[in-house]
Amino acid sequence: LAGARDLVDRLVGDRAADWDRDALLPDDVPRRLAAAGLLCAQVPAEYGGLGATSLANGAFTAHVGSRCSSLRSVMTSQGMAAWTVQRLGSRSQRAEYLPLLTGGRLAAVAFSEPEAGSDLSAITATIEPDGDDVVVSGHKVWTTAARYADLILVVGRYQCGAAAVVVPATAPGVTIRPVPQPSGCRAAGHADIRLDGVRVRKTAVLGGGQPIGMLVTAALAYGRMSVAWGCVGILQACAEAAADHARTRTQFGRPLAEHQLVGRHLANLLIARQVATLVCEHASRCWDDASPDMVVATVLAKQVSAGQAAQGAATAVQVLGSAAAHDGHVVARGYRDAKLMELIEGSTEICQLILADHAVASAR
Ligand code: FAD
């Protein structure tokens with residue numbers, strides 16, 4: 001990933017606040033990163049990918065997250081799509097779809113529905129076989145990156161279980177409507193998607209007939225890891241902005257940093273950043289070692305990192321005072337973006353339930 005950070009810095013520049021206000025990324029930004037294979041850097045070289053380790057990709061994800069959480073969200077969707085193809089796709093499906101994702105096409109992953117949020121067993125979208133085709137119908141909500149995507153991986157009911165199906169965003173019967181005024185990650189291209197009898201080839205069906213829980217767990221694992229690292233990025237940006245402000249802003253005749261109660265905030269931010277980084281590094285090492293602890297370590301990383309980011313960003317706002325009370329400020333964005341990270345890829349409560357199950361099972 002040498003040079004990747006410089007490319008991101010050049011592409012983002014000082015424009016993230018404008019993108020957030022406009023609720024739109026310039027099309028060339030995610031596309032240039034996608035064409036360089038950087039939005040799904042763990043894809044192996046045989047499929048045109050960079051074959052990055054989870055640890056290297058994680059540190060890069062944090063860097064993107066420190067500059068722009070919306071762009072990082074698009075990266076999470078692309079990586080999750082690629083991971084889903086890697087995990088659920090046959091050899092020929094991997095050979096067909098992964099080079100598209102490493103070569104510049106953008107993808108989104110659609111699980112959630114109006115009545116299926118935390119409880120994805122309630123998904124009602126259907127993937128019905130019809131000759132050499134399948135017909136996809138349903139209503140998906142809050143799909144990150146759907147506004148930019150060329151391909152949408154739609155999760156739905158298939159035969160006795162579930163499957164993901166690769167649907168071109170321009171296929172007849174697909175309607176994509178941007179989510180109006182999201183509170184955070186505003187330029188991440190969240191959209192609701194209607195699928196009205198969308199016909200695609202049967203060969204586009206990935207992992208057909210698996211139990212829905214297994215399918216969702218496989219796909220979400222990557223999303224959780226990516227969000228966790230993105231939260232490290234939010235903490236980096238917030239900690240740096242808070243330290244800089246506390247060093248340079250004077251009140252009561254001294255820099256804010258010299259007031260001990262403000263110093264405590266800075267210490268808490270340092271701790272939050274370190275804790276989130278360490279827990280993500282541990283989980284990424286589990287991925288890189290193919291450790292059986294990978295799933296739990298990933299949930300733990302997401303839970304800790306999102307919580308630390310939400311608290312840490314709020315602390316940073318406190319340090320900056322009115323200076324952070326502008327929508328475009330990096331800390332104000334971090335505050336809004338971090339809160340959403342506690343809701344997605346398994347909310348705080350859902351992660352707690354998974355960790356509680358693990359605690360009970362490992363006590364046996
Ligand atoms: P609900 O499931 O209704 O939950 C509401 C509250 O109740 C939460 O606090 C939850 O933790 C709690 N709760 C629910 N069940 C339990 C329980 N059993 N025990 C304890 N507490 C519980 N979806 C996609 O498919 N693809 C995407 O790319 C995507 N991106 C998103 C991006 C953003 C910014 C947001 C906000 C959402 C996105 N989503 C996406 C949807 C997201 O996955 C859901 O919002 C999430 O799963 C939570 O579902 P919900 O919002 O319906 O909340």
Side-chain angles (χ1 to χ4, degrees), residues 20 23 25 30 39-40 65 68-84 106-125 136 138-149 151-156 162-165 167 169 176-195 212-213 215-228 230-231 234 299 302-303 306-307 309-310 333-357:
D20 187 65
L25 296 173
L39 296 185
C40 51
C68 177
S69 277
S70 291
L71 185 57
R72 196 276 310 148
S73 300
V74 170
M75 186 178 177
T76 296
S77 294
Q78 182 92 346
M80 188 159 54
W83 178 248
T84 305
L106 296 173
V109 185
F111 305 96
S112 304
E113 298 181 0
E115 303 306 325
S118 300
D119 179 11
L120 290 174
S121 69
I123 282 176
T124 58
V136 187
H139 180 194
K140 296 293 179 182
V141 296
W142 273 103
T143 309
T144 300
R147 278 184 83 174
Y148 309 120
L151 301 171
I152 299 164
L153 268 70
V154 176
V155 175
V165 61
V167 175
I176 297 175
R177 289 225 167 78
V179 172
Q181 300 173 328
S183 62
C185 301
R186 288 176 176 166
H190 306 118
D192 292 357
I193 304 172
R194 293 257 175 206
L195 301 134
I212 196 156
L215 187 132
V216 162
T217 303
L220 279 181
Y222 184 96
R224 288 179 175 145
M225 199 63 251
S226 182
V227 162
C231 289
I234 292 175
V299 175
K302 194 274 171 181
Q303 173 74 356
R333 277 192 286 120
Y335 180 65
R336 289 187 279 103
D337 298 343
K339 184 61 207 169
L340 297 189
M341 299 305 106
E342 293 196 301
L343 306 180
I344 64 168
E345 312 291 353
S347 65
T348 299
E349 290 77 9
I350 296 303
C351 288
Q352 283 168 333
L353 291 174
I354 297 170
L355 294 171
D357 279 350

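Order of appearance sets the numbers: ligands from 1, and atoms from 1 within every ligand.
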Fill in: Selection residues 338-357 - residue pairs positive for salt bridge (charged side-chain N to carboxylate O under 4.0 Å, His left out), sequence neighbours left out
Lys339-Glu342
Fill in: Nearest heavy-atom neighbours spanning Asp337 and Ile234
CB-CD1, 4.1 Å
Item to complete: With sequence neighbours excluded, tell me which residues meet side chain to side chain donor-acceptor pair (under 3.5 Å) with Ser226.
Response: Thr76
Worksheet entry | Short N-O contact, Asp20 and Arg336, less than 4.0 angstrom | yes
Practice prompt. Taking all heavy atoms of Cys185 and all of Leu340, pick out the closest pair and write down the distance.
Written response: N-CD1, 4.5 Å
Filter the ligand 1-protein atom pairs down to N or O on both sides and distance under 3.5 Å, then list them.
residue  : atom   : partner : partner atom : Å
ligand 1 : 2 (O)  : Ser118  : N            : 2.9
ligand 1 : 2 (O)  : Ser118  : OG           : 2.6
ligand 1 : 9 (O)  : Glu349  : OE1          : 3.3
ligand 1 : 11 (O) : Ser347  : OG           : 2.5
ligand 1 : 11 (O) : Glu349  : OE1          : 2.7
ligand 1 : 23 (N) : Ser112  : OG           : 2.6
ligand 1 : 25 (O) : Phe111  : N            : 2.7
ligand 1 : 25 (O) : Ser112  : N            : 2.7
ligand 1 : 25 (O) : Ser112  : OG           : 3.1
ligand 1 : 26 (N) : Val109  : O            : 2.9
ligand 1 : 28 (O) : Thr144  : N            : 2.9
ligand 1 : 28 (O) : Thr144  : OG1          : 3.3
ligand 1 : 30 (N) : Trp142  : O            : 2.9
ligand 1 : 30 (N) : Thr144  : OG1          : 2.7
ligand 1 : 39 (N) : Trp142  : O            : 3.4
ligand 1 : 43 (O) : Ser112  : OG           : 3.3
ligand 1 : 49 (O) : Ser118  : N            : 3.4

Donor-acceptor contacts, no H, no angles, side chain residues 112-119, under 3.5 Å, sequence neighbours left out:
residue : atom : partner : partner atom : Å
Glu113  : OE1  : Thr124  : N            : 2.7
Glu113  : OE1  : Thr124  : OG1          : 3.0
Glu113  : OE2  : Thr124  : N            : 3.3
Glu113  : OE2  : Ala125  : N            : 3.0
Glu113  : OE2  : Lys140  : NZ           : 2.8
Asp119  : OD1  : Ser121  : N            : 3.2
Asp119  : OD1  : Ser121  : OG           : 2.5

